[in-house]
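As structure tokens, the structure follows; a few thoughts come after it.
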Amino acid sequence: MATYLTPALAWRRLREGNERFVNGETSHPNQDASRRSSLVENQHPFAVIFGCSDSRLAAEIIFDVGLGDVFVVRTAGQVIDDAVLGSLEYSIGVLGVPLIVVLGHDSCGAVSATKSAVETGQMPTGFIRDLVERITPSVLTSLRNDETEVNDMVVEHVKQTSQRLVDSSRVISAAIEEGHSAVIGLSYSLAEGHANLVSGIGEL
């Protein structure tokens, strides 16, 4: 059963699930054996969530959804690379998902590490350096705008990541132009469990 939701309806469904989670009224939909069986041959997720790998940011839990509902891509600091773009293009081009969510969160360790590297000039070693280099433009923009708090930088990074997805991928930008999909940026509060809308590209 395909979803055929508009971007606006997909966002509404996620928003309602997040409200249930925040209020302690989760319904844990689509998590039983019959749902599992129904998905063996195909999948029709109604959203793709590209979020931070942080263990406290489990997408299906915070949006109260289940098996087959959301296509999830996660990297530390929701940093884009070719594999991420390929995964997102698959969700849009093959699965026909109507909504891309870029999900950041407060107190993000990857953004904090980047803030520290920018302020001290000390770059981390290994592949963490690659993460920091990709987050640095967002931190520098925040500092230029006199936003020095990590959580402000997280919001800026969510906005820049959303725009970079559209700028980098012809598949994603075409789906937005045709009204088939949209990209929204959310910032999640670890304490409250609330995912706040901070940016949107496309018809919502």
Does [X] have any salt bridge (charged side-chain N to carboxylate O under 4.0 Å, His left out) partners at least two apart in sequence or in another chain, and if so, which?
{"X": "E203", "value": "none"}
{"X": "D54", "value": "R56"}
{"X": "E177", "value": "R170"}

Do [X] and [Y] have side-chain heavy atoms sitting under 4.5 Å apart?
{"X": "T148", "Y": "D152", "answer": "no"}
{"X": "T161", "Y": "F50", "answer": "yes"}
{"X": "L143", "Y": "V118", "answer": "yes"}
{"X": "I184", "Y": "I100", "answer": "no"}
{"X": "F63", "Y": "I49", "answer": "yes"}
{"X": "S112", "Y": "S107", "answer": "no"}

Donor-acceptor side-chain pairing of Q122 and S116 below 3.5 angstrom: no
Straight-line distance of T136 OG1 to H157 NE2, nearest 0.5 Å: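 One gets 10.0 Å once the value is rounded to the nearest 0.5 Å.
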Rounded distance (nearest 0.5 Å) linking atom CD of E147 with atom OG of S138: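 OG of S138 is found 11.5 Å from CD of E147.
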Sidechain-backbone polar pair: D106 side chain, A191 backbone, donor-acceptor under 3.5 Å: no
Check: H105 side chain, S187 main-chain N or O, donor-acceptor pair, under 3.5 Å: no
SB check D130 R134 (cutoff 4.0 Å): yes
Could you tell me which residues satisfy side chain to side chain donor-acceptor pair (under 3.5 Å) with [X], sequence neighbours excluded, listed by chain and number?
{"X": "K115", "value": "E119"}
{"X": "E19", "value": "none"}
{"X": "E16", "value": "R12"}

Non-neighbouring partners of [X] that pass side chain to side chain contact (heavy atoms under 4.5 Å, CB included), sequence neighbours left out:
{"X": "S162", "value": "V102, V158, V183, S199, I201"}
{"X": "N196", "value": "H194"}
{"X": "T26", "value": "F21, H28, D64"}
{"X": "S168", "value": "L85, R164"}

CD1/I128: more than 12 non-hydrogen atoms of other groups inside 6.0 Å: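 Counting neighbours around CD1 of I128, 12 or fewer heavy atoms of other residues, nucleotides or ligands fall under 6.0 Å, so no.
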Over 12 foreign heavy atoms within 6.0 Å of CD1, I61: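 Incorrect, the count does not exceed 12.
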Contact list for residues 66-86, test side-chain hydrogen bond (donor to acceptor under 3.5 Å, both in side chains), sequence neighbours left out: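 Listed once each, the pairs are R13-D69, N30-D69, R35-D69.
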Contact list for residues 86-101, test side-chain hydrogen bond (donor to acceptor under 3.5 Å, both in side chains), sequence neighbours left out: E89-S169
Candidate pair F71 and L88, rule side chain to side chain contact (heavy atoms under 4.5 Å, CB included), full reasoning: CA-CA 9 Å; F71 189 87; L88 295 177; 5.8 Å; no
